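Encoded as structure tokens, the structure appears first; notes follow it.
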Amino acid sequence: AVDKLNHDHLPPCSPDEINLMRRIDLSSSYIQAVGRISENSLICTSLDTKEPIPIGPPELVTERGATERNDIRLPIAGGYPLVVASRDGIAVLIDPSLVVDTQTEGPGISIALFVPSTSNRRFIASRGGTVRPEWLRVIPKGAEATFVDGGYLVSVARSPYYDFAAVAAVPEVYAKLRAKQFALIFVPIGLLCGVGL
């Protein structure tokens with residue numbers, strides 16, 4: 001959304017730019033609305049707002065200058081809480097439940113997104129059980145780490161391009177059960193293939 005709006009060089013908040021915002025909005029299942037932001041206000045949106053809407057200061061600023069504001073309740077959204085993420089004068093309004101929309105298969109499985117460059121490694125979104133702070137290890141960009149801690153198999157992956165990382169934790173018992181199920185199916189198949197060859 002940011003790249004497309006800033007690449008087209010349409011006059012800010014013009015009818016043409018508002019129409020482009022609507023097309024971006026409609027083409028994404030994650031974005032509820034798109035808008036222009038100045039200081040701490042949305043000055044226009046794909047929802048056809050006419051007056052600036054104050055949204056307050058950002059709660060998070062990444063190393064690349066992206067900002068995030070959580071639990072923003074706008075009258076135009078019926079007071080439903082939204083996340084407002086912005087960069088380079090463009091804001092996207094996102095339903096917080098869609099940020100981590102991956103289904104977890106069993107009890108105790110947790111997934112979360114966080115920003116590694118912040119001192120407190122603040123969560124952007126999480127789903128499932130508890131994510132322990134010590135699991136939010138700072139790893140190099142584009143790297144992954146997997147370890148066992150406190151009965152959980154934990155995996156952390158960091159984006160090679162953006163200031164985001166994901167952590168997933170599965171109870172070790174559940175992971176062992178899945179490995180056993182996998183072995184019961186594929187080891188006999190492998191043995192049969194080996195005998196056949």
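When a residue number appears, it is its place in the shown sequence, counting from 1. Keep in mind the model is a prediction, meaning the values are calculated, not measured.
- In this structure, V83 and I72 have side chains that are not in contact, with every pair of non-hydrogen atoms separated by 4.5 Å or more.
- With sequence neighbours left out, the salt bridge (Lys or Arg N to Asp or Glu O under 4.0 Å) criterion links R23 to no other residue.
- Here the CG-CD distance, from N6 to E17, works out to 8.0 Å after rounding to the nearest 0.5 Å.
- Among pairs with a residue in residues 145-156, those fulfilling side-chain hydrogen bond (donor to acceptor under 3.5 Å, both in side chains) read W135-D149, T146-S155, at least two apart in sequence or across chains.
- Within a 6.0 Å radius of CZ in F147, other residues, nucleotides and ligands contribute more than 12 heavy atoms.
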- How far apart are the C-alpha atoms of V148 and V154, what are their side-chain angles, what is the distance that settles it, and do they pass the side chain to side chain contact (heavy atoms under 4.5 Å, CB included) test? CA-CA 6 Å; V148 176; V154 181; over 6 Å; no
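- A salt bridge does not link R158 with E144: none of the charged nitrogens is closer than 4.0 Å to a carboxylate oxygen.
- A side chain to side chain contact (heavy atoms under 4.5 Å, CB included) with L82 is found for one member of I55, V92, L93 and no other, namely L93.
- S41 contributes no side-chain N or O that, together with a main-chain N or O of S38, makes up a donor-acceptor pair within less than 3.5 Å.
- For D88, there are no side chain to side chain donor-acceptor pair (under 3.5 Å) partners at least two apart in sequence or on another chain.
- Counted within 6.0 Å of NZ on K4, heavy atoms from surrounding residues, nucleotides or ligands total 12 or fewer; the atom is thus considered open.
- The closest side-chain donor-acceptor pair between Y80 and D95 falls under 3.5 angstrom.
- E68 and N70 share a donor-acceptor pair across their side chains, judged by distance under 3.5 Å alone.
- Residues I90 and V34 are in side-chain contact: their nearest non-hydrogen atoms beyond the backbone lie under 4.5 Å apart.
- In this structure a side-chain-to-backbone donor-acceptor pair under 3.5 Å is present from T45 to L47.
- Residue S46 is tested with L20, L26, D25 for a side chain to side chain contact (heavy atoms under 4.5 Å, CB included); the sole match is D25.
- Residues L42 and T49 fail the side-chain proximity criterion, which asks for heavy atoms closer than 4.5 Å.
- More than 12 heavy atoms of other residues, nucleotides or ligands shown are found within 6.0 angstrom of CD on E134.
- Note that CD1 of I109 and CD1 of I111 are 9.5 Å apart. Values are rounded to the nearest 0.5 Å.
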